[in-house]
Amino acid sequence: MRISVIGCGYLGAVHAACMAELGHDVVGIDVDEHRVAELSAGRAPFFEPGLPDVLSRALATGRLRFTTDMAAAAEATVHFVAVGTPQTKGSFNADLTYVDAAVQGLLPYLGEGDLVVGKSTVPVGTAARLAGVVEGAGAGATLAWNPEFLREGFAVRDTVAPDRFVYGVPQGDAGERATAVLDEVYATALATGTPRIVTDYATAELVKVSANAFLATKISFINAMAEIAEATGADVTQLADAIGHDARIGRRFLNAGLGFGGGCLPKDIRAFRARADELGLADTLSFLGEVDAINLRRRERVVTLTRELVGDLEGATIGVLGLAFKPDSDDVRDSPALDVVKKLVEAGANVTAYDPEANETATRSLPSLVTAGSAADAVRGADAVLVLTEWREFRDLVPAEVKALVSRAVVVDGRNCLDADAWRAEGFVLRGLGRP
Ligand code: NAD
């Protein structure tokens, strides 16, 4: 099929490359010239495992190209909209400026029978409104909403072989045609039995935000238990193991720690609440405010814990390991680690941070940040070492080697990812979250 992908960020670049890898002819369109130049040269503009390989293979076939020229969409019949929907400054609402601009920009290039497919995460009601815009243009095109569930760090795998597809389509013949087109786009994954749910626009939009609300709630639930554990001397990791054996609960996403961040969960739960307010259902989703608050309190807790261990933070030397919001990503959007660094610096600490992939993105977001080129350089002379993103490199650190570098043998394990016994055996004072 001939496909255009509007917006080539964490979602769109991966989607474009993977669709070409699956045999489709794809043009990726983005307003960011630098991003388009990088992608065209086969370089991933952000860190995502496996993406550089897929990109170079797909570019070599001639089935993939990138451009800033929206007119290139005229070659395609299926148009994925994958632009950002960040939190609006000063409110919890999703900023739909980019989605609206992308759809408007696409209208002159739509032809009879074309399908516009929204992938961005949007407030419920957006698709119905945009369907009016697309149909109103009179070109004979239809809109579908096909939310994306990929996880950064596993984006290639999740795009090629997702857990499920959700198609939000209009009723009647147009919906059947849209379903048939999407089935052709995703034929490879569907052939292996990937479930697909065909539904209306509102349900499709809500599937995405409710999935994220559920995941955020699960994480904040265990972090609330961590707060209780801290007050009572219990161990939240053993608690999670024990309740996780109940198949109705499950162990995944029950890791207490510094909490969630990134370009999706925080802004999505806030936008969901804001949308519920608009619908007159503020009470229904008010619990998401608590989910958010629990999550943000964990960041403060790491700072408090560090203060307890080193005394005054003013002038203390802190080595921070991890800046990305999660391992295997360089994404620092709403990163809990970066937030902790900011709070430590505000308290007067001298922070040197290292992340295997996110030093650059973090420095762009916080230009005063002092980064090191290695974990060893970050912890040298430190009064405390803080592990804030659970990269394998940090889990594999050898306590004796770290001890030879630091000024004081103090570790705060913000992700409960270290072998506490091994570190303590080496003489470290180690504190995790929700653990005695
Ligand atoms: P991003 O900021 O990485 O990428 C957005 C891209 O869109 C940028 O490259 C930007 O230059 C481009 N863009 C903006 N306006 C444009 C326009 N008018 N025309 C063409 N390009 C334009 O964002 P992202 O993380 O890829 O997220 C995109 C959407 O996907 C969001 O709604 C997000 O919630 C959703 N989503 C993201 C993920 C994820 O893991 N990142 C997962 C699922 C869903």
Side-chain angles (χ1 to χ4, degrees), residues 4-18 27-40 44-49 51 66-73 79-88 93-109 116-123 126-127 130 145-159 162-166 204-205 207-213 215-216 260-272 324-326 328-335 361 364-365:
S4 77
V5 179
I6 324 295
C8 297
Y10 284 91
L11 192 173
V14 176
H15 194 72
C18 290
V27 58
I29 304 173
D30 202 290
V31 290
D32 183 333
E33 280 176 25
H34 174 70
R35 181 156 286 196
V36 165
E38 289 291 290
L39 287 164
S40 302
F46 46 83
F47 178 77
E48 181 58 48
L51 179 58
F66 294 93
T67 176
T68 54
D69 184 5
M70 190 64 110
H79 311 273
F80 286 99
V81 176
V83 297
T85 48
Q87 186 176 333
T88 302
N93 290 288
D95 180 354
L96 295 176
T97 320
Y98 307 99
V99 170
D100 286 336
V103 170
Q104 283 295 337
L106 195 53
L107 293 180
Y109 306 107
V116 179
V117 188
K119 284 206 90 56
S120 304
T121 304
V122 291
T126 307
L130 291 176
W145 216 266
N146 168 222
E148 178 57 56
F149 301 94
L150 69 81
R151 299 160 297 167
E152 286 175 26
F154 303 92
V156 170
R157 190 206 297 174
D158 288 347
T159 302
D163 291 340
R164 77 298 211 184
F165 292 106
V166 176
E205 293 165 316
V207 168
K208 175 63 195 176
V209 287
S210 60
N212 276 356
L215 293 172
F260 58 81
C264 290
L265 253 50
K267 61 110 174 148
D268 286 350
I269 60 168
R270 291 170 198 154
F272 198 10
F325 85 98
K326 67 167 179 172
D328 294 314
S329 176
D330 64 354
D331 196 346
V332 296
R333 289 179 287 182
D334 208 338
S335 167
T361 46
R364 246 182 272 146
S365 159

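Each ligand, and each atom within it, is numbered from 1 in the order the structure gives. Since the model is a prediction, treat every value here as computed from it, not as a measurement.
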For [atom], what is the nearest protein heavy atom, given as residue, atom name and distance?
atom: atom 15 (N) of ligand 1; result: Tyr98 CD2, 3.6 Å
atom: atom 13 (N) of ligand 1; result: Val83 CG1, 3.7 Å
atom: atom 25 (O) of ligand 1; result: Arg333 NH2, 2.8 Å
atom: atom 33 (C) of ligand 1; result: Lys267 NZ, 3.7 Å
atom: atom 3 (O) of ligand 1; result: Tyr10 N, 3.1 Å
atom: atom 26 (O) of ligand 1; result: Leu11 N, 2.8 Å
atom: atom 12 (C) of ligand 1; result: Asp30 OD2, 3.2 Å
atom: atom 32 (O) of ligand 1; result: Thr85 OG1, 2.5 Å

Check: Ser329 side chain, Lys326 main-chain N or O, donor-acceptor pair, under 3.5 Å: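 It does not hold such a pair.
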Atoms of ligand 1, numbered as shown, that sit under 4.0 Å from any heavy atom of Glu152: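 Result: 39 (C), 40 (O), 41 (N).
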Any Ala82 heavy atom less than 4.0 Å from ligand 1: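 Yes.
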contact_flag Arg151 ligand 1 heavy-atom lt 4.0 Å: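 No heavy atom of Arg151 comes that close to ligand 1.
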Lys267 vs Thr85 side-chain heavy atoms within contact, under 4.5 Å: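 Of all side-chain heavy-atom pairs linking Thr85 with Lys267, at least one is under 4.5 Å.
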Chi angles and distances behind the side-chain contact (heavy atoms from CB on, under 4.5 Å) call for Trp145, Val122: CA-CA 10 Å; Trp145 216 266; Val122 291; 3.6 Å; yes
Candidate with minimal heavy-atom separation from atom 38 (C) of ligand 1, of Ala13, Ala211, Cys264, Ala102: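 Heavy atom nearest to atom 38 (C) of ligand 1 belongs to Cys264.
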Shortest heavy-atom approach to atom 21 (N) of ligand 1 - which of Leu106, Val31, Val122, Val99: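 Comparing heavy atoms across Leu106, Val31, Val122, Val99, the nearest one to atom 21 (N) of ligand 1 lies in Val31.
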From Asp163, Asp328, Asp158, Asp331, residue fulfilling salt bridge (charged side-chain N to carboxylate O under 4.0 Å, His left out) relative to Arg151: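 The residue from Asp163, Asp328, Asp158, Asp331 that satisfies salt bridge (charged side-chain N to carboxylate O under 4.0 Å, His left out) with Arg151 turns out to be Asp158.
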Euclidean distance, Tyr109 OH relative to Asp69 CG, rounded to 0.5 Å: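 Going from CG on Asp69 over to OH on Tyr109, the span is 6.5 Å.
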Neighbour count >12 (heavy atoms, 6.0 Å) for atom CZ, Phe46: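 Counting other residues, nucleotides and ligands, CZ of Phe46 exceeds 12 neighbours.
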Contact (N/O only, under 3.5 Å) between Arg35 and ligand 1: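 Min N/O separation from ligand 1 is below 3.5 Å for Arg35.
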